[in-house]
Each structure stands twice: as C-alpha cells, then as structure tokens.
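Throughout, protein chains are lettered first and strands after them, A, B, ... in sequence-line order, and every chain is numbered starting at 1. The model shown is predicted, which means the values in this text are computed figures rather than measured ones. Values below: all heavy atoms of this structure, side chains included; hydrogens, waters and symmetry mates excluded.
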There are 2 protein chains.
Amino acid sequence: MRRSRKRNHLVRKASKLFEARGFHATGIDMVLSEAGIAKMTLYNHFASKDDLIAAALRHKSLKVLNWLEDELTARTSDPKGRVLALFDAYQDWFEQDDFSGCMFQKAAGEFPAKDHPAHKEAANHKRRLYERLTHLTEGAGATDPAQLAEQLLLLLEGATAIATSTGATIAGRRAKRAAEILLAV
Amino acid sequence: MRRSRKRNHLVRKASKLFEARGFHATGIDMVLSEAGIAKMTLYNHFASKDDLIAAALRHKSLKVLNWLEDELTARTSDPKGRVLALFDAYQDWFEQDDFSGCMFQKAAGEFPAKDHPAHKEAANHKRRLYERLTHLTEGAGATDPAQLAEQLLLLLEGATAIATSTGATIAGRRAKRAAEILLAV
DNA sequence: CCCGAGATAAACAGACCTGTCTAATTCTAG
DNA sequence: CTAGAATTAGACAGGTCTGTTTATCTCGGG
C-alpha cells in the first residue's frame, strides 16, 4: 500500500470531527471509534494528537482550495464574475446544515502559540487562499490586484466569522455587495 | 458587599486567561491559582465552569465596548473620522504584544452549539458591536447606515481573524483603506 | 501456501479535569 | 465585641485525556 488507506481514512474522519466539535473538545478515542480504527494504528502513523491535527488541517486546506476551484468554474468563466462568485460559494457554505465555521480560524484560536503546528497550518492556509485570490484579481484586471485580494480576504474572513458566531448566514451576501463596490473602483 | 470583590477579581482574571489561552485549554485550577482564590469561592459564586466562562465573556464585552468608546473620543470628534478611527484602534490592538485574537471569535469556535451560553454571549457581543457601528454610520450621515455598519463589521472581524491566524497586524490598515472606499460611496 | 508487515483489542500508566466535601479561619456588619 | 457569613486549604471522587505496552490476528504478495 503506497500510502495507507487506513491513514487516509483516519485523517478524513479526524478532519470532520475536529471541524465540527473543535480540537480540544474532540478526544482521540472519539476519532478512533468513529473511524473504526485501533489506537495503535494511529500512533503508528502519527507521533501525537498534534501531529494528527496538523495532518487533518493540511488535508482540509487542499480540500477547501479544490472546492473553491470547482465552485468558481461551475459558476462562471467571466474573470470579474469569478471574483464575485467567491461570495456566492461562501454563502452556500454558510447555509449548509452542518456549517460550523472555518476550521483554520478555530485552529488559530485554540492554538494561540505561533509556533504550534496547528497555528502554522492555519497561517499557511490563509496564505494559500490569499495567493489564489491575488490570481483571481489579476485575472479580473484590477488596478492593484494585491490590495484588492487583501480586501476580498478580509471580507470573506469577516463573513465567515460573523456567520459562525451569530448564525447570520446572510453575511455572505453583505460581503458580496461590499466586494462589488471595491471591485468597481 | 453588594457584589463580592472576590467574584469580580475572579471574573477579571478568568477573562484574561481564557482570552490568552483558550477556554478548554485553561483549567479552573489555573484560574484559581492565578487569582489567588479558593475553589469553593468559585463554586459559591458560579454553578460551573461554563457559568464562569459566560460571566467572563459578559465582562469582556462591556470592557471592549468601553475601550472602543474611549479610543474613538480620544482620536477625533469628526463623525466620519470616528468611523475610520475604528480601524486605527483595532490596528493598535493587533500590535499589542499580548494580542491573541478576539475572545468572542474563540468562544464561538470552541463552543459550536448555538444554545451554549458561551456561544450566545459571543453572538450577543457581535450584535452590540453592530448596533454601536450603526450608530456611528448614522452619525456620519451614511446613505444606508445599516448596510455600511454591516460592511464595517465584516472588515473589522476579517482583519481580526487574519491578524490572529497569520500575525499580519497590517490587516487593520488594509481594512481601513477598504472602509474609506465604502464610506465614500 | 506462507511469511511478515500492518492492524487489532484491551489493559494500563500517569496526568489532568471538574466539581464536592469538610473543617478551620477570617472578615464584616450590627 | 460578637455572631453569622464568606473564604480558605486540602483531600477526595470520578471521569477523561494522551500515549504505551503486549500479545494476537489478518491478509496480501511472492
């Protein structure tokens, strides 16, 4: 087996549980029983719970970026439209029944130490997202793609945070309206 | 003693520790030893740790709103200037040595259940903040104060989230630039 | 078919957690 | 000053947590 199926299965289940219930609140035993995997198998593949958490975050980061890619291509091929489609995709995410916030915001919150692996993975993900946004704003012909990408990132993160704490899923649409203004400048 | 001094001291210390280290990661014993207070005194005033957490969040909410009020009045009396001064105040917050993110974003993340007291307090705080922002945008003569307030909230929350995860304190200035554009519309 | 790597179950260690109990002590209001 | 309320230290219960150990089992590639 090139990369253990068990390992992959474990990471996927762990990612789901950590996202839904938080990192500290989710015990290893719960992940194991949910995945139907023995404890020793976990510690054969990972040095510690933190190591598993980092792997779960890396897995989720790829998944999120791929999801975003698919959403954008499915919605429109117009460069400016793709920028705005970002917010429609997020809006759909907020409205999912099992929406429980951004796993990376949670990771940064639960692991405040900047040198903690989970905190680093959160920072890495946001950087990747920012790079992807910059690519989008360049494609849309923005006068200052980097600045616009930063502003879009602020809106997306803000909408996510507000949707998480207040449950106001409408935040996505509000953010989209702001983005339209910023995009028109 | 109308409201116990001990109780207040406990809530203040608890608030600091929960903010800096997270809720699950901060044990009761640590709060007690830091506050120099006996365990039975805690359980005399609070029914449970969750109850203490809720009190700490209420305390922090008042503190934050007062802090914001003071910052704004100290910076300018110009109505539009006050809206932008919001971002300067946040920027200063991000640059504090002990900055570790928004306690309410953390609370919403660590307690995903919407009916959990801590989650409710997070939602309450964001609502209060939104109301305060609406008051500001009304004062600034915005054409649609509610919409502008929502957009400002998104930018502030987004900047906070980004500053937390990536450590990029510059997010405050980036948000301010976006706010200037939205304010000019 | 068979061997070895990977997976398994279950007990275990040791730490930490919230919350309770007791009994002595300190504070405060009248 | 005194009586009652508040606070204290410390042990304790009972649970959960991460991570280890051991001994057994499963299964796929040669």
Participant: Looking for any heavy atom pair under 4.0 Å, which part of the strands does A/N44 touch: base, sugar-phosphate only, or nothing?
Facilitator: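 The residue A/N44 makes sugar-phosphate contact but no base contact.
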Participant: Salt-bridged, A/R177 to B/E150, with N to O below 4.0 Å?
Facilitator: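 Result for this pair is no, no salt bridge flagged.
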Participant: Give B/H24 one of three labels, base, sugar-phosphate or nothing, depending on what nucleic acid heavy atoms sit under 4.0 Å from its own.
Facilitator: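 The answer is nothing, as B/H24 stays clear of every strand by at least 4.0 Å.
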Participant: Provide, to the nearest angstrom, the distance between the CZ atom belonging to A/F23 and the P atom belonging to D/dT16.
Facilitator: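 Atom-to-atom, A/F23 to D/dT16, this comes out as 22 Å.
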Participant: Just by distance, no angles: are the side chains of B/R128 and B/S61 close enough, under 3.5 Å, to form a donor-acceptor pair?
Facilitator: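 Distance-only check passes for B/R128 and B/S61.
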Participant: For the residue pair A/F104 and A/H125, categorise the inter-ring angle as parallel (less than 30°), tilted (30 to 60°) or perpendicular (more than 60°).
Facilitator: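 Plane angle under 30°, so parallel.
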Participant: Quick one: A/Y43 OH to C/dA10 P, roughly how many Å, whole number?
Facilitator: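 That distance rounds to 18 Å.
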Participant: A/F46 has an atom CZ; how far is it from atom P of D/dT20, in whole Å?
Facilitator: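 Going from CZ in A/F46 over to P in D/dT20 covers 15 Å.
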Participant: How close or far is atom C1' of C/dT20 from atom CG of B/D29, stated in whole angstroms?
Facilitator: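 That distance rounds to 13 Å.
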Participant: Tell me: CZ of B/R5 to P of C/dA29, nearest whole Å?
Facilitator: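 In whole Å, C/dA29 P and B/R5 CZ are 9 Å from each other.
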Participant: Check whether any side-chain N or O of B/K6 sits under 4.0 Å from OP1 or OP2 of D/dT7, and answer yes or no.
Facilitator: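 The answer is no; no side-chain N or O of B/K6 sits under 4.0 Å from OP1 or OP2.
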Participant: DNA chain D: A/M40 or A/I28, which has the more 5' nearest nucleotide?
Facilitator: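 With A/M40 and A/I28 compared, the 5'-side residue is A/I28.
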Participant: Choose from C/dG19, C/dT8, D/dT7 the nucleotide whose nearest atom is closest to any side-chain atom of A/T41.
Facilitator: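 The closest nucleotide is C/dT8.
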Participant: Whole-Å distance between C/dG19 C1' and B/D51 CG?
Facilitator: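 Spelled out: CG on B/D51 to C1' on C/dG19 is 13 Å.
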Participant: Does any donor-acceptor pair link the side chain of B/K39 with the base of C/dG19 at a separation under 3.5 Å?
Facilitator: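 For B/K39, whose side chain was compared with the base of C/dG19, there is a donor-acceptor pair (under 3.5 Å).
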Participant: Considering the options B/H119, B/Q105, B/H24, which one meets the side chain to side chain donor-acceptor pair (under 3.5 Å) requirement together with B/E110?
Facilitator: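 With B/E110 as partner, side chain to side chain donor-acceptor pair (under 3.5 Å) holds for just one option, B/H24.
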Participant: Starting at CG of B/L42 and ending at C1' of C/dC17, how long is that distance when rounded to a whole Å?
Facilitator: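 Rounded to the whole Å, the gap is 14 Å.
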Participant: Nearest whole Å is fine: how far is C/dA5 P from A/H45 NE2?
Facilitator: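 So the NE2-P distance, A/H45 to C/dA5, works out to 15 Å.
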Participant: OP1 or OP2 of D/dT7 less than 4.0 angstrom from a side-chain nitrogen or oxygen of B/S4, does that happen here?
Facilitator: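 The answer is yes; a side-chain N or O of B/S4 sits under 4.0 Å from OP1 or OP2.
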Participant: Of the listed nucleotides (C/dA7, D/dT8, C/dG19), which one gets closest to any side-chain atom of B/I37?
Facilitator: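 My answer, after comparing the listed nucleotides, is D/dT8.
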Participant: May I ask you to decide whether A/D115 forms a salt bridge with A/K120, counting only side-chain N to carboxylate O separations under 4.0 Å?
Facilitator: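 Looking at A/D115 and A/K120, the cut-off is not met.
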